[in-house]
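Just so it is clear, the structure is predicted and the values come from calculations on it, not from any experiment.
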Amino acid sequence: MRPLSMDLRERIVVAYGNQEGSYAVLAVRFSVSRAVVGKLVRQQRDQGTLEAQVHRRGRKPAIGGQQEERLERHVREHPDATLRERIEALGLDCSVKTMWQTLRRLGLRYKKSRYGPPSKIVRTSPKHGPTGAALNPKSIRSGWCSSMKPG
């Protein structure tokens, strides 16, 4: 739906200012809803303008604007800080998941947890020993396994 023209907005507010009728009377006269008349009168009184307002839909980000800039600087200065440490250092009021999503959206790297087990790559089988596969396909004797029936 398109916004009302500026001319119509001005005529509605002027008519109300000249006490030419109530919201309901002016709504019928200008073929708009009563709520639109009230909104325009309040907007003129509170903001001093009748320009169409831009409405951002959805929930506003918990971390945005200058907080994002501070977060980027903190990541550069403290690359090994955990998500919770970042929240506390920046004094933000958000969850760990929100911090994780913000860093992901900004394309920044982060440390998952200080308390997790250390990652290590260790050989689990002997260097020159078998890899776990059977050396001989007939190494299981007939009748030792319930799925094998004697022939």
Side-chain angles (χ1 to χ4, degrees), residues 1-135 139-140 145-147:
M1 187 172 179
R2 294 184 347 213
L4 296 175
S5 70
M6 192 57 142
D7 177 54
L8 180 59
R9 290 168 178 263
E10 290 169 353
R11 286 188 290 142
I12 291 171
V13 172
V14 168
Y16 184 78
N18 293 338
Q19 298 178 347
E20 296 178 18
S22 65
Y23 288 176
V25 171
L26 294 175
V28 172
R29 178 174 156 193
F30 291 106
S31 300
V32 295
S33 72
R34 182 184 167 284
V36 167
V37 176
K39 174 194 158 293
L40 291 173
V41 170
R42 278 190 310 277
Q43 182 178 337
Q44 178 65 37
R45 180 184 64 227
D46 297 342
Q47 299 177 3
T49 181
L50 291 174
E51 292 290 326
Q53 302 298 303
V54 177
H55 296 283
R56 292 181 58 198
R57 291 176 176 81
R59 187 174 183 156
K60 307 303 181 269
I63 303 172
Q66 289 184 346
Q67 292 175 335
E68 282 185 6
E69 294 170 9
R70 289 177 42 219
L71 176 60
E72 289 176 359
R73 194 171 340 114
H74 189 268
V75 169
R76 281 193 308 271
E77 294 170 0
H78 306 283
D80 61 338
T82 63
L83 298 174
R84 186 164 305 283
E85 289 172 346
R86 292 189 197 289
I87 292 169
E88 292 169 2
L90 298 172
L92 299 174
D93 183 26
C94 67
S95 67
V96 173
K97 183 175 181 181
T98 300
M99 176 60 73
W100 176 79
Q101 289 172 332
T102 302
L103 289 172
R104 185 171 159 205
R105 179 173 44 86
L106 296 173
L108 300 173
R109 296 178 55 92
Y110 54 90
K111 184 176 179 180
K112 291 183 181 178
S113 173
R114 166 176 286 177
Y115 306 107
S119 61
K120 56 184 176 179
I121 300 173
V122 178
R123 187 176 294 278
T124 56
S125 60
K127 194 170 190 174
H128 298 292
T131 60
L135 297 175
S139 62
I140 299 177
C145 179
S146 62
S147 64

If you round to the nearest 0.5 Å, how far is [atom2] of [Y] from [atom1] of [X]?
X	Y	atom1	atom2	value
Asp7	Leu50	CG	CG	11.0 Å
Lys39	Asp46	NZ	CG	11.5 Å
Arg29	Glu20	CZ	CD	4.5 Å
Arg11	Ser5	CZ	OG	6.5 Å
Asn18	Tyr16	CG	OH	12.0 Å
Glu68	Arg105	CD	CZ	4.5 Å

What are the two closest heavy atoms between [X] and [Y], and how far apart are they?
X	Y	result
Gln67	Ile63	OE1-CA, 3.4 Å
Leu26	Gly21	CD1-O, 3.8 Å
Glu85	Asp80	OE1-O, 4.4 Å
Ala62	Thr98	CB-CG2, 3.8 Å
Arg9	Leu4	NE-O, 3.1 Å
Lys60	Gly58	NZ-O, 3.3 Å

*Criterion side chain to side chain contact (heavy atoms under 4.5 Å, CB included) on Phe30 and Val36, from CA distance to verdict*: CA-CA 10 Å; Phe30 291 106; Val36 167; over 6 Å; no
*asked:* I'd like to know whether Val75 forms a side chain to side chain contact (heavy atoms under 4.5 Å, CB included) with Arg86, so could you lay out the CA-CA distance, the side-chain angles of the two residues, the decisive distance to 0.1 Å, and finally the verdict.
replied: CA-CA 8 Å; Val75 169; Arg86 292 189 197 289; 3.7 Å; yes
*Flag the pair Met6 / Glu51 as yes when at least one side-chain heavy-atom distance between them is below 4.5 Å, and no otherwise.*
yes
*asked:* Taking atom CD as the centre, does Gln19 end up with more than 12 heavy-atom neighbours from other residues, nucleotides or ligands that are less than 6.0 angstrom away?
replied: no
*May I ask you to check whether over 12 heavy atoms, not counting those of Gln66, lie within 6.0 Å of atom CD?*
no
_Derivation and outcome, side chain to side chain contact (heavy atoms under 4.5 Å, CB included), residues Gln43 and Val13_ = CA-CA 10 Å; Gln43 182 178 337; Val13 172; over 6 Å; no
*Stepwise, does the side chain to side chain contact (heavy atoms under 4.5 Å, CB included) test hold for Leu103 with Leu83?*
CA-CA 9 Å; Leu103 289 172; Leu83 298 174; 3.5 Å; yes
